[in-house]
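One structure follows; several queries about it will come next.
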Amino acid sequence: MRRVEGLMNTTTPFSLRLSWAQGLFERGDHAAAATALAELVDEVESSRAGSAESDAVLHSVTDLRLLLARAYFQSAQLGRAEATLTRVIEESPTDSYAHLLLGRTLQRAGRHAEAARPLALAEVLGDYERPQAYGGASTLTPEPA
């Protein structure tokens, strides 16, 4: 895949740069998507710093961060994924998908005990089935005799 560096810059409209980043993600270029999305998140945060924010803006930046976390996860930037997901959960504590992705990130990093809580929260909040891969105790109970 040919990558065009520097094609998107801050003079390009935000919506086009977001579409570009989403396209990179969808094509599987998760590292490039993470770079592009991180720039967009930084831009939104810096523009919010000096102005009063509405719930709609907060919601959109949370969604943007969640996509960024997914890109970090897919490109094995697990520390960055964890930090981004922690921020998403601070802003939206009932986001079950964020808890699920945080749990999977911790599992992928080999931190199975730490993954138990976010995975349990994802199961309770969003009806996600708790993944059993990568270790951890099974939730199966023995058959009665």
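Only this structure's heavy atoms are used, side chains among them; waters, hydrogens and symmetry mates stay out.
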Task: Point-to-point distance, once rounded to the nearest 0.5 Å, from CG of L66 to CZ of R87 - done: 14.0 Å
Task: Gap between atom OG of S60 and atom CG of L40 - 0.5 Å precision - done: 11.0 Å
- [ ] Is it possible for you to say whether F14 and F25 belong to one hydrophobic cluster, with membership spreading through side-chain heavy-atom contacts below 4.5 Å?
- [x] yes
Task: From R65 atom CZ to L37 atom CG, the distance as rounded to the nearest 0.5 Å - done: 12.0 Å
Open item on the list: Can you confirm whether L78 sits close enough to Y72 that some side-chain heavy atom of one is under 4.5 Å from a side-chain heavy atom of the other?
Closed with: no
Task: Gap separating the OG atom of S19 from the CG atom of L24, nearest 0.5 angstrom - done: 11.0 Å
- [ ] Let me see the working for L102 and E82 under side-chain contact (heavy atoms from CB on, under 4.5 Å), right down to the final yes or no.
- [x] CA-CA 6 Å; L102 177 60; E82 180 183 356; 3.9 Å; yes
Task: Reported CG-to-CD1 distance for the pair L101 and I89, which is rounded to 0.5 angstrom - done: 8.5 Å
TODO: Using modelled atom types only, decide if a donor and an acceptor are shared between the side chain of R80 and the backbone of L68 within a distance under 3.5 Å.
DONE: no
- [ ] Determine the minimum heavy-atom distance between A115 and G103, stating which atoms define it.
- [x] CB-O, 3.3 Å
Task: Test item: H99 side-chain N/O and P93 main-chain N/O as donor-acceptor pair under 3.5 Å - done: yes
Task: Joint cluster assignment, F73 & L121, ILVMFWY side-chain distance < 4.5 Å - done: no
Open item on the list: Pair E39, R17 - check side-chain contact (heavy atoms from CB on, under 4.5 Å), show working.
Closed with: CA-CA 10 Å; E39 290 173 5; R17 290 183 286 133; 5.7 Å; no
Task: Full working for side-chain contact (heavy atoms from CB on, under 4.5 Å) between R70 and L67 - done: CA-CA 5 Å; R70 290 177 59 205; L67 183 57; 4.0 Å; yes
TODO: Identify whether L125 and L85 are in the same connected component of the hydrophobic contact network (ILVMFWY, side-chain heavy atoms under 4.5 Å).
DONE: no
- [ ] Nearest 0.5 Å please: distance from the OG1 atom of T62 over to the CD atom of E91.
- [x] 4.0 Å
Task: Atom of A76, atom of R108 and distance for their closest heavy-atom approach - done: CB-NH2, 3.7 Å
Open item on the list: Show the nearest heavy-atom pair for residues A21 and A33, with the distance to one decimal.
Closed with: O-CB, 3.7 Å
